[in-house]
Amino acid sequence: MKIIKKIQRNKLYLDNEEIMDVSPLIRQKYNLKVNDDIESLYDDISYEASLEKGIFIISLKDRTKKELQTKLNEKYFNTKMVQKAVQKLEELGYINDLDYTISYINNRKYGKNRISYNLFQKGINRETIDKAYNIIEEEIEKNIEDRKLEKAILKHRKKLLVDDEEKDTSLEGKMKRLKEEQKVIQSLARQGFEIEKIFSKLKEFKESGFEE
């Protein structure tokens, strides 16, 4: 049996010495009262209370999966339902160890070994840490590549940018501008830039009037 000995400030005091945090919604849903035996409802109440408490904890500060589970295990005796709640929060995207790791790495100034050690302590495994570093490195390389392409396009700015007053709207004028653009695209492709990125970046520049 699991008897409610006392209810005070959204806490259930059970006869097994557990003090369970529950919201008014849970109390109302299960019509919980002092001296109720909640044995048959114990898993459901523990699960829903862990979910609500988990969301609250995450709202205060980002946590890893291990950190959240540790925090909830400190508040609820039903470790099986705590684990189920944490898994549900992970499925819903409330916790994501990879995103946490990427953010942690980006916001720390010290070296990789120390960062990795700290993340291990938080329950992040080596595979996730390595994946996070790879993603960060790829993003850095992408940004560098994008900036190089932008600079290369701007070198051809005069060929591509034509004021509305000077623009020749005749078919011959349009064909001339198209040929100039094709030459620029071919030049950029020969420099090793990906053709999809060239088209995408040219479109951005055209829409912005070639503003840097």
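Within the 3.5 Å criterion, the main-chain N or O of I3 finds no donor-acceptor partner in the side chain of D37. Under a 3.5 Å cut-off, the side chain of E137 and the backbone N or O of N134 do not form any donor-acceptor pair. S116 places a side-chain N or O within 3.5 Å of a backbone atom of K112 that can act as its donor or acceptor partner. Between the side chain of N106 and the backbone N or O of I102 there is at least one donor-acceptor pair closer than 3.5 Å. Judged by distance alone, the side chain of E18 and the main-chain N or O of F77 form a donor-acceptor pair under 3.5 Å. D36 places a side-chain N or O within donor-acceptor distance of the main-chain N or O of K33, the cut-off being under 3.5 Å. Listed for the S46 side chain is no donor-acceptor partner under 3.5 Å among the backbone atoms of D43. Under a 3.5 Å cut-off, the side chain of S50 and the backbone N or O of A85 do not form any donor-acceptor pair.
Atom CG of N16 and atom CD of E39 lie 9.0 Å apart (nearest 0.5 Å). Taking CD1 of I195 as the reference point, atom CD of Q186 lies at 8.5 Å (rounded to 0.5 Å). Remark: I55 CD1 to L92 CG distance equals 7.5 Å, nearest 0.5 Å. Between M20 atom CE and I7 atom CD1 the span is 11.5 Å, to the nearest 0.5 Å. For the atom pair NZ of K183 and CG of L178, the computed distance is 11.5 Å after rounding to the nearest 0.5 Å. Rounding to the nearest 0.5 Å gives a distance of 10.0 Å between CG of L72 and CZ of R63.
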Exercise for the section: Start with the C-alpha gap between S187 and R190, add the side-chain angles, then the distance that decides, and say whether side chain to side chain contact (heavy atoms under 4.5 Å, CB included) holds. Expected result: CA-CA 5 Å; S187 173; R190 285 195 298 270; 3.9 Å; yes
Exercise for the section: May I have the step-by-step check of side chain to side chain contact (heavy atoms under 4.5 Å, CB included) for I4 and N35, ending in yes or no? Expected result: CA-CA 5 Å; I4 300 175; N35 295 323; over 6 Å; no
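Under a hydrophobic clustering in which Ile, Leu, Val, Met, Phe, Trp and Tyr are joined whenever their side-chain heavy atoms come within less than 4.5 Å, directly or via other members, M1 and V34 fall into different clusters. Both F120 and L98 are part of a single hydrophobic cluster, where members link through side-chain heavy atoms under 4.5 Å apart. Follow the hydrophobic side-chain contacts under 4.5 Å out from Y100 and you never reach L89; the two are in separate clusters. Residues L119 and I136 fall within the same hydrophobic cluster, defined by Ile, Leu, Val, Met, Phe, Trp and Tyr side chains chained together at heavy-atom separations under 4.5 Å. By the criterion of side-chain heavy atoms lying less than 4.5 angstrom apart, applied directly or through intervening Ile, Leu, Val, Met, Phe, Trp or Tyr residues, Y76 is not grouped with I19; the two fall into different hydrophobic clusters.
A donor and an acceptor atom, one from each side chain of N73 and T70, are nowhere located under 3.5 Å apart. Using modelled atom types, one finds a donor on one side chain and an acceptor on the other under 3.5 Å when comparing N118 with Y104. Using modelled atom types, one finds no donor on one side chain facing an acceptor on the other under 3.5 Å when comparing N10 with D21. A donor and an acceptor atom, one from each side chain of K88 and Y94, are nowhere located under 3.5 Å apart.
Cation-pi geometry between K5 and Y13 is not satisfied (NZ or CZ under 6.0 Å from the ring centre, within 45° of the ring normal). For the pair R114 and Y117, the cation-pi test (distance below 6.0 Å, angle within 45°) is failed.
The two atoms that bring L188 and A152 nearest to each other are CD2-CB, 3.5 Å, heavy atoms only.
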